[in-house]
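Nothing here was measured: the structure is a model prediction, and the numbers come from that model. Residue numbers run from 1 in the order of the sequence given.
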Amino acid sequence: MSQTERTTILDLDAYLKRIGWDGEPRADLATLRGLHTAHARSIPFENLDPVRGVVPSLRPDDIAAKLVHSRRGGYCYEHNTLFAGVLEALGLRVTRLAARVVVGAERFDSRPRTHMALLVEAPGDPRPRLADVGYGTARSLLEPVPLVTGAEFHAGGRRHRLVHAPDTGPLETWVLQAHGPDGTDATAGWEAQYAFTLDPFAQPDFEVANWYVGAHPRSPFSRRPYLQKLAPDRHLLLDGHRFTETHDDGTVTARELTDETEARHLVEERFEIDVPDGVPLLGRAPLRG
């Protein structure tokens, strides 16, 4: 696909309006940082298609129709495919990476590579940067971070760093770590979020992973709603029946939802997502064989 075709499908003006960014888009670091933060704060993370038994399409035009032209969001493959297309249309070089989500894992290789992240190179920037607008947690990146080890990065009250982990393979394993609790029972301190190497992954690789995450009966994304949204002063999470608000000052409030009508209203008003017909927000999706 040529750059012209990619730009036409994405409709950059509509994308910039969707994320509320009014700067002049250029192939530079300032644009990369601005778009990353605006995207993360504007388009919600959600898995309502898998919950209703539909594997999300990764075609650029389908993603744009859903995330840009509708009041919907998506999960990592959709967000980062969209973001990669925007950056490439602007002239930035993007490498698509596959990562293992390792939160709580004793061994990194016990987790499959089911997360998509991006490595972005901007003219004049001495190092490539890890960019990721599709990691759905309260400790996700708000800005892309340089690919260096040990340095601590701060953005929007969040702290991150990259470190190396031992590996038996020929490539170095990088690990994104976040600091502090994320509204769960995590204790303060550095915690590994995901691990990756720098070998590039192609679209067919993510099509396979997307099918597994969106359709496998044991995938958490096919079993219950998992929605996240960044509000001006807090992070919103709906995980199954549990609605949690993590405030910028570190306080956390949570409650259980018991009424389907209330849940749908909350999702449409607070998460700014139009709930598709047939999605059981508080029900349990049928186990598929």
Next item on the list: Working to the nearest 0.5 Å, report the span between CD1 of Ile19 and CZ of Arg41.
Entry: 12.5 Å
Note to self: Quick check on the 6.0 Å ring-centre criterion: do Tyr15 and His39 meet it?
What the structure shows: yes
Checklist line | Check: Ala14 main-chain N/O paired with Asp11 side-chain donor or acceptor under 3.5 Å | finding: yes
Notebook entry, point to check: Are Val102 and Trp174 in one and the same hydrophobic cluster, where Ile, Leu, Val, Met, Phe, Trp and Tyr link if side-chain heavy atoms are under 4.5 Å apart?
Noted result: no
Check: Among side-chain atoms of Arg100 and Ser110, is any donor-acceptor pair under 3.5 angstrom?
Finding: no
Notebook entry, point to check: When you look at CG of Asp233, are more than 12 heavy atoms from neighbouring residues, nucleotides or ligands closer to it than 6.0 Å?
Noted result: yes
Margin query: Between Glu260 and Leu281 (side chain of the first, backbone of the second, donor and acceptor by atom type, cut-off under 3.5 Å), is there such a pair?
Written below: yes
Note to self: Show the nearest heavy-atom pair for residues Leu29 and Ala122, with the distance to one decimal.
What the structure shows: N-CB, 3.9 Å
Next item on the list: Begin with the C-alpha distance, continue with both residues' side-chain angles, and end with the deciding distance and a verdict on side-chain contact (heavy atoms from CB on, under 4.5 Å) for Leu198 and Leu147.
Entry: CA-CA 10 Å; Leu198 299 185; Leu147 200 67; 3.6 Å; yes
Next item on the list: Indicate the atoms forming the closest heavy-atom contact of Leu90 with Pro25, along with that distance.
Entry: CD2-CB, 3.7 Å
Item checked: Ala254 to Arg242 - nearest heavy-atom pair and separation -> CB-NH2, 3.3 Å
Check: Are the side chain of Asp62 and the backbone of Arg59 linked by a donor-acceptor contact shorter than 3.5 Å?
Finding: no
Check: With side chains defined as the heavy atoms from C-beta onward, is the minimum distance between Glu245 and Val252 less than 4.5 Å?
Finding: no
Next item on the list: Check for a donor-acceptor pair, side chain of Ser140 on one end and backbone N or O of Thr137 on the other, with a separation under 3.5 Å.
Entry: yes
Note to self: Quick check: do Val175 and Tyr194 have side-chain heavy atoms less than 4.5 Å from each other?
What the structure shows: no
Checklist line | Side chain Thr37, main chain Arg33, donor-acceptor under 3.5 Å | finding: yes
Next item on the list: Side-chain contact test, heavy atoms from C-beta onward, threshold under 4.5 Å: evaluate it for Glu191 versus Arg139 and give yes or no.
Entry: yes
Notebook entry, point to check: Are Pro166 and Thr173 side-chain neighbours, meaning at least one heavy-atom pair lies under 4.5 Å?
Noted result: no
Note to self: Test your reading of the model: is there a side-chain donor-acceptor pair from His36 to the backbone of Leu142, 3.5 Å cut-off?
What the structure shows: yes
Note to self: I need the Thr31 OG1 to Leu92 CG distance, nearest 0.5 Å.
What the structure shows: 7.5 Å
Next item on the list: Kindly indicate whether the side chain of Tyr77, heavy atoms from C-beta on, has any atom under 4.5 Å from the side chain of Thr114.
Entry: yes
Next item on the list: Evaluate the ring pair (Phe, Tyr, Trp, His ring centres under 6.0 Å) criterion for residues His79 and Tyr135: first the C-alpha distance (whole Å), next the side-chain angles of each, then the deciding distance (0.1 Å), finally the verdict.
Entry: CA-CA 9 Å; His79 276 279; Tyr135 187 59; over 10 Å; no
Next item on the list: Check whether any side-chain N or O of Ser70 sits under 3.5 Å from a backbone N or O of Ala65 as a donor-acceptor pair, and report yes or no.
Entry: yes
Checklist line | Distance (rounded to the nearest 0.5 Å) between Phe196 CZ and Leu118 CG | finding: 11.0 Å
Check: Can you pull the salt bridge (Lys or Arg N to Asp or Glu O under 4.0 Å) pairs that have at least one residue in residues 103-127, sequence neighbours excluded?
Finding: Arg93-Glu121, Arg107-Asp109, Arg113-Asp199, Asp125-Arg129
Note to self: Counting C-beta onward and ignoring hydrogens, is there a side-chain heavy-atom pair between Leu48 and Ile273 closer than 4.5 Å?
What the structure shows: yes
Checklist line | pair Thr253-His247: side-chain heavy atoms closer than 4.5 Å | finding: yes
Notebook entry, point to check: CZ of Phe206 to CG of Asn80: how many Å apart, nearest 0.5 Å?
Noted result: 8.5 Å
Margin query: How long is the straight-line distance from CZ of Phe45 back to CG of Leu238, given to the nearest 0.5 Å?
Written below: 12.5 Å
Notebook entry, point to check: Does Arg224 reach the main-chain N or O of His241 with its side chain, forming a donor-acceptor pair under 3.5 Å?
Noted result: no
Next item on the list: Mind checking the NE2-OG spacing from His216 to Ser222? Nearest 0.5 Å is all I need.
Entry: 8.5 Å
Checklist line | Heavy-atom side-chain proximity of Leu227 to Leu237 below 4.5 angstrom | finding: no
Check: Mind checking whether Phe153 and His160 have ring centres under 6.0 Å apart?
Finding: no
Next item on the list: Specify the closest pair of heavy atoms between Gly134 and Asp132, including all atoms of both residues, with the distance to one decimal.
Entry: N-OD1, 2.9 Å
Check: Could you give all pairs that pass the salt bridge (Lys or Arg N to Asp or Glu O under 4.0 Å) test and reach residues 71-82, with sequence neighbours left out?
Finding: Glu46-Arg72, Asp49-Arg72, Lys66-Glu78, Arg71-Asp274
Next item on the list: Keeping the roles fixed (side chain from Asn47, backbone from Pro50), state whether a donor-acceptor pair exists under 3.5 Å.
Entry: no
